[in-house]
Amino acid sequence: MLDILRRRRSIRRFAEKEIEAEKIAALKEAILRAPTSRGLNSWEFIFVDDRELLHRLAQARRHGSAFLAGAKLAVVVAADPERCDVWIEDCAIAAIVLQLAAVSLGLDSCWAQIRLREHDERTGAGDYVRRLLGLPERFQVACVIGIGYAAEQKESHARDSLPWDRIHDNRYRGE
Ligand SMILES: Cc1cc2nc3c(=O)[nH]c(=O)nc-3n(C[C@H](O)[C@H](O)[C@H](O)COP(=O)(O)O)c2cc1C
């Protein structure tokens with residue numbers, strides 16, 4: 001697991017190579033294995049590989065989601081807040097489980113934030129994605145994870161560059 005964490009970087013440029021069906025099946029299993037509060041599984045996942053839909057997902061935000069157009073797969077992470085009060089945590093955990101599973105399969109990914117972001121002056125990014133994919137109004141969209149084979153190389157974050165000062169032993173050490 002530490003090796004996977006070391007390899008994970010946000011990749012926004014993807015190769016033309018398609019993702020094998022068995023890898024997509026493994027990603028589906030992985031995301032469903034994410035833990036959820038009280039085991040309520042408040043989330044829903046939409047696996048999008050349709051090119052036209054990927055291009056339209058990329059337009060969810062003016063900045064920050066354009067890379068989805070080049071992804072081979074986008075996983076939309078949404079939830080019904082009525083199912084669980086901590087649906088945001090459920091969604092975030094599922095998203096990172098998916099990203100780490102992708103690395104374990106030789107794939108790379110990047111997170112596009114949707115919740116609390118705008119599509120344009122009048123429409124929230126979540127409403128845009130919901131309408132695009134036919135999600136009923138009771139659902140909130142947390143994020144979209146774009147996945148594919150990397151077409152850019154990024155070094156692992158050096159161990160020395162990690163923010164070690166954010167770790168406190170027993171008590172907060174202050175500024
Ligand atoms: C909650 C969250 C929201 C993010 N939103 C976006 C986003 O909207 N667009 C984007 O390109 N990257 C997004 N990222 C990726 C971060 O920019 C990236 O993880 C960070 O810069 C560190 O780089 P690394 O992932 O390569 O270590 C997001 C990451 C997280 C965890």
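- You'll find the side chain of Arg130 reaches within 4.5 Å of the side chain of Glu137, heavy atoms only.
- Between the side chain of Trp164 and the backbone N or O of Arg159 there is at least one donor-acceptor pair closer than 3.5 Å.
- Under a 4.0 Å N-O distance rule, the pair Asp50/Arg56 does not qualify as a salt bridge.
- Formation of a donor-acceptor pair under 3.5 Å by the His119 side chain with backbone atoms of Gln59 is found in this model.
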Exercise for review: Please lay out, stage by stage, how Arg9 and His157 fare under the test side-chain hydrogen bond (donor to acceptor under 3.5 Å, both in side chains).
Suggested key: CA-CA 8 Å; Arg9 291 297 312 271; His157 293 295; 3.2 Å; yes
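- Side chains of Glu44 and Arg83 form a contact here, defined as non-hydrogen atoms less than 4.5 Å apart.
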Point to revise | Residue pair Cys110, Ile11: steps toward the side-chain contact (heavy atoms from CB on, under 4.5 Å) verdict | key: CA-CA 5 Å; Cys110 187; Ile11 294 297; 5.8 Å; no
Distance-only criterion, 3.5 Å: show the donor-acceptor pairs between side-chain atoms of residues 65-77 and protein atoms not counting sequence neighbours.
residue : atom : partner : partner atom : Å
Ser65   : OG   : Ala58   : O            : 2.8
Ser65   : OG   : Arg61   : N            : 3.0
Ser65   : OG   : Arg61   : O            : 3.3
Lys72   : NZ   : Glu16   : O            : 3.2
Lys72   : NZ   : Glu16   : OE1          : 3.1
Lys72   : NZ   : Glu18   : OE2          : 3.4

Practice item. Run the numbers on Arg38 and Asp85 for salt bridge (charged side-chain N to carboxylate O under 4.0 Å, His left out), then give the verdict. Key: CA-CA 11 Å; Arg38 289 177 280 157; Asp85 55 350; 3.5 Å; yes
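- Note on residues 97-107: pairs passing side chain to side chain donor-acceptor pair (under 3.5 Å), not counting sequence neighbours, are Gln99-Ser109.
- Hydrophobic clustering keeps Ile96 apart from Ile145 (ILVMFWY residues linked when any side-chain heavy atoms are closer than 4.5 Å, directly or through intermediates).
- Nearest heavy-atom pair across Ala30 and Val97 is O-CG1, 3.4 Å.
- Counting only residues at least two apart or in different chains, salt bridge (charged side-chain N to carboxylate O under 4.0 Å, His left out) contacts with residues 106-125 comprise Arg62-Glu121.
- Nearest approach of Leu32 to Trp43, heavy atoms of both residues: CD2-CZ3, 3.9 Å.
- Without hydrogens or angle criteria, Ser156 side chain to Arg7 main chain gives no donor-acceptor distance under 3.5 Å.
- Between Leu107 and Val103, the closest side-chain pair of non-hydrogen atoms is not below 4.5 Å.
- Counting all heavy atoms, side chain and backbone alike, Ala125 lies closest to Ala60 at CB-O, 3.8 Å.
- Note that NZ of Lys28 and CZ of Arg33 are 15.5 Å apart. Values are rounded to the nearest 0.5 Å.
- In this structure, the separation between CD1 on Ile31 and CD1 on Ile93 is 12.0 Å, given to the nearest 0.5 Å.
- Note on Phe14 and Tyr149: separate hydrophobic clusters, where clusters join Ile, Leu, Val, Met, Phe, Trp and Tyr whose side-chain heavy atoms are under 4.5 Å apart, directly or indirectly.
- Under the 4.5 Å side-chain contact rule for hydrophobic residues, Val129 and Leu54 share a cluster.
- Side-chain atoms of Gln113 and Val144, non-hydrogen and from C-beta on, never get closer than 4.5 Å to each other.
- Met1 CE to Leu5 CG: the interatomic distance, rounded to the nearest 0.5 Å, is 5.5 Å.
- Linking Ile, Leu, Val, Met, Phe, Trp and Tyr whenever their side-chain heavy atoms come within less than 4.5 Å leaves Phe45 and Val86 in two separate clusters.
- At least one donor-acceptor pair under 3.5 Å links the side chain of His168 to the backbone N or O of Arg173.
- Under the 4.5 Å side-chain criterion, counting only non-hydrogen atoms from C-beta, Leu53 is in contact with Leu133.
- In terms of hydrophobic clustering, with Ile, Leu, Val, Met, Phe, Trp and Tyr side chains grouped at heavy-atom distances under 4.5 Å, Val48 and Leu27 are assigned to different clusters.
- We find the OG1-CH2 distance between Thr36 and Trp87 to be 14.5 Å, quoted to the nearest 0.5 Å.
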Point to revise | Working for side-chain hydrogen bond (donor to acceptor under 3.5 Å, both in side chains), residues Ser37 and Asp90 | key: CA-CA 7 Å; Ser37 174; Asp90 286 350; 5.2 Å; no
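- Taking CD of Glu152 as the start and OG of Ser10 as the end, the distance is 9.0 Å to the nearest 0.5 Å.
- How far CD of Glu155 is from OG of Ser161: 11.0 Å, rounded to the nearest 0.5 Å.
- Val141 has its side chain out of reach of Asp127: every pair of non-hydrogen atoms, C-beta onward, lies at least 4.5 Å apart.
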